[in-house]
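All ligand and atom numbering here is 1-based and tracks the order in the structure.
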Amino acid sequence: MYRILSECGAQIRTSLEGIDYFIAEGGRAFRTILDLLKELLKFQVLNQQEIKYFSAIILQCKQHLRADFKIHISPDSKVADHCQTFALSDSLHPEFAVTCQHHHDLVCVTCEQMKDVLSSLMKTIQCSSNHGLTDSLRDLQSKLQNAMQGITNVKRHLIRCRNQNLISLTRYNITKCF
Ligand SMILES: [Zn+2]
Ligand SMILES: [Zn+2]
C-alpha cells in the first residue's frame, strides 16, 4: 500500500502542451535511470566507480538519441538499430513486413552499450533481490522496466517521424510532377 501511495503521490502538474510526449517520456526515462543509480549506491548494490561508469554511458546514450540517432536512420542501414525498414516491419505479421535487401552486419556502439548497460543493471538488481528480496529493490526493478520501455518508445517514435517525413517528401514530389 505504501508503494502505491509513493507511486501515486501528489505531483505538480506541468503544462506539456506543444511538447512532444514521446521525447518528454524519454527524458523522464533517462532521469529515472540516473536517480535509480543513486539508489543502488545507497543500497550498496553498486560502488562509486560503477555508478560513474554507468552514468557516463547513460548520458552518452541520451545524447545519441537526441542528435546522431536521427541522422543515422535509413531504410537501408546495415545497423539493425538504425534500419528503418527493419524497425517498421511487423515481426509477427509478414503481410506488414518488408524483408531487408541488405545484411545487418554492422553495429552502433552506443546503441549496443545502451542495451548492455540496461540489461546489466536489470541483472544486478535481480541478483541483489534474490539475496533477500526487499520492496525497495522490487520498486527499482519496476522503475527500470518502465524506463527501458520509455527509451524503446522514443526510438520507435524517432523512426516513425523519419518515415513520415519521407512520405511527405514523396507526396510533394508527386504533386510537383502533376
Ligand atoms: Zn535493414
Ligand atoms: Zn545507434
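For the pair NE2 of His104 and SG of Cys100, the angle at the Zn ion (ligand 1) is about 110°; rounding is to 10 degrees.
Residue-and-atom listing of protein N/O/S atoms under 2.8 Å from the Zn ion (ligand 2), sorted by chain and number: His64 NE2, His82 NE2, Cys108 SG, Cys111 SG.
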Salt bridge (Lys or Arg N to Asp or Glu O under 4.0 Å) between Lys155 and Asp81: does it pass, once the steps are laid out? CA-CA 9 Å; Lys155 285 179 91 174; Asp81 280 288; 3.1 Å; yes

Determine, stepwise, if the pair Glu25 / Asn153 fulfils side-chain hydrogen bond (donor to acceptor under 3.5 Å, both in side chains). CA-CA 8 Å; Glu25 187 191 353; Asn153 289 346; 3.3 Å; yes

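Of the residues listed (Leu41, Thr124, Ile125), the one engaging Leu46 in a side chain to side chain contact (heavy atoms under 4.5 Å, CB included) is Thr124, and it is the only one.
Within the 6.0 Å centre-distance limit, the rings of His64 and His82 are counted as a close aromatic pair.
A donor-acceptor contact closer than 3.5 angstrom links the side chains of Asn163 and Gln84.
Remark: the backbone N or O of Pro75 is paired with a side-chain donor or acceptor of Thr85 at under 3.5 angstrom.
For the Zn ion (ligand 1), the nearest N, O or S atom contributed by His102 is named NE2.
Between Glu112 and Lys115, at least one side-chain N (NZ, or NE/NH1/NH2) sits under 4.0 Å from a carboxylate O, which counts as a salt bridge.
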